[in-house]
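For reference, the structure is listed below as structure tokens.
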Amino acid sequence: KQEVTQIPAALSVPEGENLVLNCSFTDSAIYNLQWFRQDPGKGLTSLLLIQSSQREQTSGRLNASLDKSSGRSTLYIAASQPGDSATYLCAVIISAGTYKYIFGTGTRLKVLA
Amino acid sequence: NAGVTQTPKFQVLKTGQSMTLQCAQDMNHNSMYWYRQDPGMGLRLIYYSASEGTTDKGEVPNGYNVSRLNKREFSLRLESAAPSQTSVYFCASSQGRGGTDTQYFGPGTRLTVL
């Protein structure tokens, strides 16, 4: 059974710091992987989707990498800002009849001004 | 363009009561989903609808029923609410069956069952 783990559960950093969020999964047979952002009391917003044939995707200050063989993905945030404070969730997408998302429990990030 | 909307935003029920959570999307998406989010656990899929007129069980379907009323609307019904169903419920939609299609999420419904 596919399991997705995100460590640490919470992280506080000073503004301007570069940081890395980690996501690990137990079964390398994934279709794609997606990173989401969740603000308190809100729904999820998609940040980056990495197809299984890709090794990384970039959007602005965000860079996500994928290493299927080791069961790991990282989300790199450059020059962090207080507005980046949120919970970051990764989800592996598996093909099982239809495509199913298996979510991690998230990393709660706080960027201090 | 409102995206995905959910009603109500908050609800308190007593054990045994029933209710329906409503979801609508205005993006002409084919697929719609219902998830629940519990502390310390990732989002878990309750039911999904790959297209109008079809519904399928997800990971945790027990105690729930769904209706894909039309292409826009996908409702989730709790027939006899239990405290274990206290959770935050999210509706989502995607253009295709998922995979390479981004899922768009609603703001959630916070449900408490006493």
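Below, chain A is the first sequence line, B the second, and so on; all start at residue 1. As the structure is a computational prediction, the values presented were derived from the model and not from experiment.
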Mind checking whether [X] and [Y] sit in one hydrophobic cluster, side chains of I, L, V, M, F, W, Y counted as touching below 4.5 Å?
X	Y	value
Phe105(B)	Leu47(A)	no
Phe25(A)	Leu45(B)	no
Leu33(A)	Leu49(A)	no
Ile102(A)	Tyr88(A)	yes
Ile50(A)	Tyr31(A)	no

Requested in this report: Among the options Val4(B), Thr102(B), Asp38(B), pick out the one with the most heavy-atom pairs lying under 4.5 Å from chain A.
Outcome: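 So the answer, after comparing Val4(B), Thr102(B), Asp38(B), is Thr102(B).
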
**Report entry** Most chain A-contacting option - heavy-atom pairs closer than 4.5 Å, from Glu59(B), Lys9(B), Gln37(B), Gln6(B)
**Finding:**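 The residue among Glu59(B), Lys9(B), Gln37(B), Gln6(B) with the greatest pair count is Gln37(B).
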
Report task. Enumerate by number any residue of residues 36-45 of chain A whose heavy atoms lie under 4.5 Å from heavy atoms of chain B; in the absence of such residues, state 'none'. Result ->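 Phe36(A), Gln38(A), Gly41(A), Lys42(A), Gly43(A), Leu44(A), listed by number.
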
Report task. Verify side chain to side chain contact (heavy atoms under 4.5 Å, CB included) between Phe103(A) and Arg44(B), making sure each step is shown before the conclusion. Result -> CA-CA 7 Å; Phe103(A) 285 85; Arg44(B) 292 180 292 169; over 6 Å; no

**Report entry** Proximal component of Tyr104(B), with respect to chain A [non-hydrogen, under 4.5 Å]
**Finding:**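 Nothing of Tyr104(B), per the 4.5 Å heavy-atom cut-off to chain A.
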
**Report entry** Interchain contact, Arg110(B) with chain A, by part (heavy-atom threshold 4.5 Å)
**Finding:**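 Side chain of Arg110(B) only, per the 4.5 Å heavy-atom cut-off to chain A.
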
Requested in this report: Take Leu89(A) and Leu43(B) through the test side chain to side chain contact (heavy atoms under 4.5 Å, CB included) and record every step on the way to the result.
Outcome: CA-CA 9 Å; Leu89(A) 298 158; Leu43(B) 275 78; 4.2 Å; yes

Requested in this report: Give a yes or no on whether Arg108(A) atom CZ has more than 12 heavy-atom contacts from other residues, nucleotides or ligands under 6.0 Å away.
Outcome: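 Counting other residues, nucleotides and ligands, CZ of Arg108(A) stays at 12 neighbours or fewer.
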
Report task. Look at atom CZ of Arg77(B) and say whether more than 12 heavy atoms of other residues, nucleotides or ligands are closer to it than 6.0 Å. Result ->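 Yes, CZ of Arg77(B) has more than 12 neighbouring heavy atoms, counting only those of other groups under 6.0 Å.
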
